[in-house]
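In each ligand, atom 1 is the first atom listed, and ligand 1 is the first ligand listed. Note that these values count all heavy atoms, side chains included, but never hydrogens, waters or copies made by symmetry.
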Amino acid sequence: MVIDNSKRISILILHGPNLNLLGKRESKIYGSISLKEVNILLNKKALALRIRISIVQSNHEGTIVELIHQSLGQHQGILINAGAYTHTSLAIADACLAVEIPVVEVHLSNIYKREHIRHYSHIAPISIGQITGFGVNSYLLGLEALYDYLCQ
Ligand code: DQA
């Protein structure tokens with residue numbers, strides 16, 4: 001049987017700044033799992049859900065904005081951990097609004113248990129929902145939730 005990949009739901013997964021250092025970075029907060037391992041688990045989940053995913057990490061706000069723009073006509077959903085840009089970047093939230101692609105926001109740590117400055121997210125008000133505090137499971141749960149939403 002030939003599987004037509006072009007008919008599958010496609011989701012862009014964006015990792016924001018400093019997430020390339022996962023596993024080495026503040027492991028008490030973010031755990032010991034590396035970004036490569038996170039991406040392996042995401043690929044396994046995508047295979048199980050029979051969806052296509054594209055995974056990109058960037059430390060640059062403008063690059064993230066451009067990747068969101070380029071999603072138009074390419075991806076039906078965006079799963080994003082914008083890292084610290086979550087709390088500062090109106091530009092990333094505006095880009096999501098501009099392309100009108102459903103967004104799910106995820107965080108490894110529970111941002112509401114941390115410093116006050118991390119409690120505000122520019123992305124939360126423009127997202128379908130947010131999953132925060134479950135480590136790598138935040139990504140996996142977020143991907144499943146976005147998939148379910150897109151199937152409705
Ligand atoms: C984070 C939480 C942010 O506050 C922080 O700046 C990050 C990671 C998380 O996944 O828990 O870089 O998005």
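- Listed by atom number, the atoms of ligand 1 under 4.0 Å from N81 heavy atoms are 1 (C), 9 (C), 10 (O), 13 (O).
- Nearest protein heavy-atom neighbour of atom 3 (C) of ligand 1: H87 NE2, 3.5 Å.
- Among all non-hydrogen protein atoms, the one lying nearest atom 9 (C) of ligand 1 is L108 N, 3.4 Å.
- S121 and E105 get closest at one heavy-atom pair: OG-OE2, 2.9 Å.
- Checked options E144, K45, H15; the residue passing with Y139 is H15 (criterion: side-chain hydrogen bond (donor to acceptor under 3.5 Å, both in side chains)).
- Although no hydrogens or angles enter the test, the distance criterion places no donor-acceptor pair under 3.5 Å between the side chain of S58 and the main chain of G16.
- Where the criterion is an N or O separation shorter than 3.5 Å, residue side chain and backbone included, A84 meets it with respect to ligand 1.
- Rounding to the nearest 0.5 angstrom, the gap separating the CD1 atom in I11 from the CD1 atom in I9 is 6.5 Å.
- Once rounded to the nearest 0.5 Å, the distance linking CG of N110 with CZ of R114 reads 9.5 Å.
- Shortest contact from atom 11 (O) of ligand 1 to any protein heavy atom: S109 OG, 2.6 Å.
- Using a 4.0 angstrom heavy-atom cutoff, Y30 counts as in contact with ligand 1.
- Residue contact annotation: R25 has a non-hydrogen atom under 4.0 Å from ligand 1.
- A side-chain N or O of E61 and one of S89 form a donor-acceptor pair less than 3.5 Å apart.
- In this structure, the protein non-hydrogen atom closest to atom 1 (C) of ligand 1 is H107 ND1, 3.6 Å.
- A donor-acceptor pair is defined here as one N or O able to donate and one able to accept, closer than 3.5 Å; such a pair exists between the side chain of Y85 and the backbone of N59.
- Close N/O approach between R118 and ligand 1 is found [any backbone or side-chain N/O within under 3.5 Å].
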